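What follows is one structure encoded as structure tokens, with my remarks underneath.
Predicted, not measured: the structure shown is a model, and the values here were computed from it.
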Amino acid sequence: WYDNISAIKTLEPIFKKYDVDLVLSGHNHTMELIENDSIYYAIIGGFGGLPDPEKTFTSKGSIWYTNGKYGYAKISLFAEYFLIKFFDENNKILFENICKY
């Protein structure tokens, strides 16, 4: 979530210190998967409310993004990776990605 520089500067060192693999966020009303320094950030804000306007900045680590859709994500954990799947409100898979620890 690029636009809150203060939060990034405060939280990212904690994520690195404790070897965090995945950070989930739902504040923005979009869905996106970002990878930065071996940490995955999943923005899963498509549960309800009005969708956000189209973004004006794309993080360099952005793997996938969609806007204007309602939906959710499912995360399956395995020994050496996790699988994240983003779904629309009709349970149709929008995107899936294998993320290595």
Considering only heavy atoms from C-beta outward, does the side chain of C99 approach that of I63 to under 4.5 Å?
no
So M31 and L94, side chain to side chain contact (heavy atoms under 4.5 Å, CB included) or not? Walk me through it.
CA-CA 10 Å; M31 290 188 277; L94 298 171; 3.6 Å; yes
Is there a path of hydrophobic side-chain contacts, each under 4.5 Å between heavy atoms, that joins I84 and L77?
yes
Can you hop from L22 to I43 via hydrophobic side chains spaced under 4.5 Å?
no
Sidechain-backbone polar pair: D52 side chain, H29 backbone, donor-acceptor under 3.5 Å
yes
Are L24 and L33 connected in a single hydrophobic cluster, I mean Ile/Leu/Val/Met/Phe/Trp/Tyr linked by side-chain heavy atoms less than 4.5 Å apart?
yes
CG-CZ distance between L11 and F15, expressed to the nearest 0.5 angstrom:
4.5 Å
More than 12 heavy atoms from other groups under 6.0 Å of CD on E80:
no
D88 CG to K69 NZ distance, which is reported to the nearest 0.5 Å
7.5 Å
Main chain of I39, side chain of D37: is a donor-acceptor contact present, judged purely on distance under 3.5 Å?
no
Between F82 and Y40, how do the two ring planes meet: parallel, tilted or perpendicular, split at 30° and 60°?
perpendicular
When every non-hydrogen atom of P51 is compared with those of Y70, the smallest separation belongs to CD-OH, 3.5 Å
Answer yes if the side chains of Y72 and N91 hold a donor-acceptor pair under 3.5 Å, and no otherwise.
yes
CA sep, side-chain torsions, deciding dist, call: E12, N36, side chain to side chain contact (heavy atoms under 4.5 Å, CB included):
CA-CA 10 Å; E12 190 172 49; N36 185 46; 2.8 Å; yes
Cluster overlap I93 with I75, hydrophobic side-chain contacts below 4.5 Å
yes
Should the heavy atoms of other residues, nucleotides or ligands under 6.0 Å from CZ of F78 be counted, would the total exceed 12?
yes
E32 vs Y41, test: side chain to side chain contact (heavy atoms under 4.5 Å, CB included). Steps then yes/no.
CA-CA 8 Å; E32 185 168 16; Y41 297 85; over 6 Å; no
Is the side chain of Y101 donor-acceptor paired with the backbone N or O of S38 at a distance under 3.5 Å, no angle test?
no
Would V23 end up clustered with Y81 when hydrophobic side chains under 4.5 Å apart are linked, directly or stepwise?
no
Is there side-chain contact between Y65 and T58, with heavy atoms separated by less than 4.5 Å?
no
Is there side-chain contact between F86 and T66, with at least one heavy-atom pair below 4.5 Å?
no
